[in-house]
Amino acid sequence: MRAALLALFVFAAPPVWCGEDILDVLDRSQHQQLDALELADPGSPEAQRVQRSFEQLLPLVTLPVRVRLQFVRGSKVAECLLGRIIVVNVSLADLSEGERLFVLAHELGHVAHGHWSAMGRLFQKHIPDEVVRHKTDAVAGALGREASALAHEQEYAADAYAWSVLARVGESRETALALFHTLPMVNDTATHPGTRKRVAHLRALTQ
């Protein structure tokens, strides 16, 4: 449930970033995502329920950076932006405690594993200098494929991380599987493996 990789599609935009480093472009893109969110009241009963679940997890994890929650409404469920801001929909309050903990732990997994930095390094490998259209056009295909593959790996890793954290809080791991039956079934996207693949991956962890 991580952020959609705007970076995969950044090359379709007009070449307004001349002279910028690719990390600056990615950073600006994610800030634009944050600015476009429909914010929710962090003091609402729903947000407070999610906050309590989040605080239950923090003593159990080791993170390289300080994280903060950003509560939102709308269609977005949860995602990690800029490697340190966890965006969560207040509707998570309607899930069972175990399901909610899995979603939050998944996003913390992206932070713990440094996935945002890893994605940035991949983009820097393909675009080591300033971002200009003729250079990005030349690498867009290969970069898109590699970024999508890395994003899928990161989703599996975040699922596995959440799976392990769930056990530490005394929740049944079956809760995670129940979550995927609660959420809409989806096929593969550029940034996420499909639901069936993620469930199969979680089941394989118990083998």
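Note that this is a predicted model, so its numbers are computed, not measured.
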Check: [Y] and [X] side chains under 4.5 Å, non-hydrogen atoms:
X: V88; Y: V103; value: no
X: V111; Y: W116; value: no
X: L143; Y: T136; value: no
X: L34; Y: V87; value: yes
X: V90; Y: V50; value: no
X: L108; Y: V67; value: yes
X: H115; Y: L150; value: no
X: H152; Y: D188; value: yes

For a quick check under 3.5 Å, do [X] and [Y] share a side-chain donor-acceptor pair by atom type?
X: H126; Y: E146; answer: yes
X: D27; Y: H31; answer: yes
X: H106; Y: E155; answer: yes

For [X] and [Y], indicate whether the former's side chain and the latter's backbone hold a donor-acceptor pair under 3.5 Å.
X: S148; Y: G144; answer: no
X: R100; Y: L95; answer: yes
X: T175; Y: S172; answer: yes
X: Q48; Y: P42; answer: yes
X: R198; Y: D159; answer: no
X: E107; Y: C80; answer: yes

Report task. Give the cluster check for V186 versus V77: same hydrophobic cluster or not, with ILVMFWY residues linked at side-chain heavy-atom distances below 4.5 Å. Result -> no
Requested in this report: Determine whether L166 and Y156 fall in the same hydrophobic cluster, where Ile, Leu, Val, Met, Phe, Trp and Tyr are linked whenever their side-chain heavy atoms lie under 4.5 Å apart.
Outcome: no
Query raised in the report: More than 12 foreign heavy atoms under 6.0 Å from CZ of R196: is that the case here?
Result: no
Query raised in the report: Within a radius of less than 6.0 Å around CG of D35, do more than 12 heavy atoms belonging to other residues, nucleotides or ligands occur?
Result: yes
**Report entry** Atom pair CD1/CD of I85 and Q33 - distance to nearest 0.5 Å
**Finding:** 11.0 Å
Query raised in the report: Salt bridge or not for E46 and R49, using N-O below 4.0 Å?
Result: no
